[in-house]
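Heads up: numbering here begins at 1 and tracks the sequence.
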Amino acid sequence: MNTEIKNVLQVLKNGGLILYPTDTVWGIGCDATNPEAVKKVYKLKQREDSKALICLVADDRMLKKYVKKIPEAAYSIIDISEKPITIIYDEAQHLALNLIADDGTIAIRIPNDDFCYQLSRKLNGAIVSTSANVSGQPTPKSFKEIAPAILKGVDYVVNLHHEKICDKPSSIIKLSNSGIVKVIRE
């Protein structure tokens, strides 16, 4: 795993795209602070850049780096959730502007996955994580279901967990600073 992390870090630092296993599905990723890399993700997915992407961070400390004010409820939700949960926060900061939604929000997940944790920690930053498919196409449940165009469109494919079956993306909730909670995806 250390060799893979070293290889991936080099690609991320050079503005490249990776294809990697997450705690949910295989993802297309890049350095979340690099607007040119984020632009490449939108292009590869053939997705409008008005549709925001998810980021992964290693822990609460890193979450605070990218969100101005984290509602107290977020910590409880993260602690009690039994499955992967992505939270949409108000007032994103220190990320590529083309990654932040028009309303200033950002979707962030702290993954329960050692590879993603180590990668984010060693990058010391957020990593884009969007499903490894062209927008509108089904999300691949395994590495072998990933379309050739996606495989060819990234700069590095992580050589871990190719046999893993991933049948569910994360739940997504919007947690506004005003206290409103909205379930986006169960």
remark   = Heavy atoms of Ala37 and Gly15 approach each other most closely as CB-O, 3.6 Å
key: N/O donor-acceptor pair under 3.5 Å between Glu4 side chain and Val158 backbone   = no
ask   = How long is the span from the CG atom in Leu56 to the CE atom in Met62, to the nearest 0.5 Å?
value = 10.5 Å
request  = Would you indicate whether the side-chain heavy atoms of Leu19 and Phe143 approach each other to under 4.5 Å?
outcome  = yes
ask   = Is Val157 close to Val154 at the side-chain level, that is, under 4.5 Å between some pair of heavy atoms?
value = yes
message = Measuring from atom CG of Asp60 to atom OH of Tyr75, what distance do you get when rounded to the nearest 0.5 angstrom?
response = 5.5 Å
request  = Verify the cluster assignment for Phe115 and Leu9: are they in a single hydrophobic cluster under the rule of side-chain heavy atoms below 4.5 Å apart?
outcome  = yes
request  = Scan side-chain atoms only and decide if Tyr156 and Asn7 contain a donor-acceptor pair under the 3.5 Å cut-off.
outcome  = yes
message = For a quick test of reading the model, state the closest non-hydrogen atom pair linking Ile110 to Leu63 and the distance between them.
response = CD1-CD2, 4.5 Å
Salt bridge (Lys or Arg N to Asp or Glu O under 4.0 Å): pairs with one or both residues in residues 174-186, sequence neighbours excluded = Asp103-Lys174
inquiry  = When you group the ILVMFWY residues by side-chain heavy-atom contacts below 4.5 Å and let the links chain together, are Ile172 and Ile106 in the same group?
reply    = no
message = Quick check against the 3.5 Å criterion: does Thr22 have a side-chain atom that pairs as donor or acceptor with the backbone of Trp26?
response = no
task = Calculate, to the nearest 0.5 Å, the distance between atoms OG1 and CG belonging to Thr33 and Leu97 respectively.
result = 11.0 Å
inquiry  = I'd like to know if the side chain of Tyr42 and the backbone of Asn98 have a donor-acceptor N/O pair within less than 3.5 Å.
reply    = yes
key: Any pair counted as salt bridge (Lys or Arg N to Asp or Glu O under 4.0 Å), so long as it reaches residues 117-126, sequence neighbours left out   = none
ask   = Heavy-atom distance under 4.5 Å between the side chains of Asp114 and Gln118, does that happen here?
value = yes
key: Backbone N/O of Ala58 and side chain of Ser120: donor-acceptor pair under 3.5 Å   = yes
ask   = Taking the side chain from Asn14 and the backbone from Gly16, do they hold a donor-acceptor pair closer than 3.5 Å?
value = no
query = Below 4.5 Å, heavy atoms only, C-beta onward: do Arg47 and Val134 meet side chain to side chain?
reply = no
inquiry  = For residues Val183 and Ile108: do they belong to one hydrophobic cluster (side chain heavy atoms under 4.5 Å, members Ile, Leu, Val, Met, Phe, Trp, Tyr)?
reply    = yes
note = Looking only at heavy atoms, the pair that brings Asp23 and Cys116 closest together is N-SG, 4.5 Å
task = Kindly give the heavy-atom pair with the smallest separation between Ala73 and Leu175, and that separation in Å.
result = C-CD2, 4.1 Å
For a quick test of your reading: what N or O donor-acceptor pairs under 3.5 Å do the side chains of residues 84-94 make, sequence neighbours left out?
{"residue": "Thr86", "atom": "OG1", "partner": "Arg109", "partner atom": "NH1", "Å": "3.2"}
{"residue": "Thr86", "atom": "OG1", "partner": "Ser170", "partner atom": "OG", "Å": "2.6"}
{"residue": "Asp90", "atom": "OD2", "partner": "Asn177", "partner atom": "N", "Å": "2.8"}
{"residue": "Glu91", "atom": "OE1", "partner": "Asn177", "partner atom": "ND2", "Å": "2.9"}
{"residue": "Gln93", "atom": "NE2", "partner": "Lys65", "partner atom": "O", "Å": "3.4"}

query = Does some side-chain heavy atom of Val128 sit less than 4.5 Å from a side-chain heavy atom of Ile54?
reply = no
task = Test Leu99 against Cys55 for side chain to side chain contact (heavy atoms under 4.5 Å, CB included), laying out the working first.
result = CA-CA 9 Å; Leu99 186 59; Cys55 292; 3.4 Å; yes
query = Nearest heavy-atom pair of Leu12 and Asp31: which atoms, and what distance?
reply = CD2-N, 3.8 Å
query = So, do Ile18 and Ile28 sit near enough that their side-chain heavy atoms are less than 4.5 Å apart?
reply = no
key: Any side-chain donor near an acceptor of the partner, Asn133 and Lys45, under 3.5 Å   = yes
Exam field: side chain Tyr66 to backbone Ala126, donor-acceptor pair closer than 3.5 Å = yes
query = Are Val67 and Val181 co-members of a hydrophobic cluster defined by side-chain heavy atoms under 4.5 Å apart?
reply = yes
Single-linkage hydrophobic cluster Ile184~Ile77, side-chain heavy atoms < 4.5 angstrom = no
Gln137 side, atom CD; Gln46 side, atom CD - distance, nearest 0.5 Å = 8.5 Å
inquiry  = Working note: Lys83 + Ser171, criterion side chain to side chain contact (heavy atoms under 4.5 Å, CB included); need CA distance, chi angles, decisive distance, verdict.
reply    = CA-CA 8 Å; Lys83 61 182 187 172; Ser171 296; 2.9 Å; yes
ask   = Any idea which heavy atoms bring Val11 and Asp155 closest together, and the distance?
value = CG1-CB, 3.8 Å
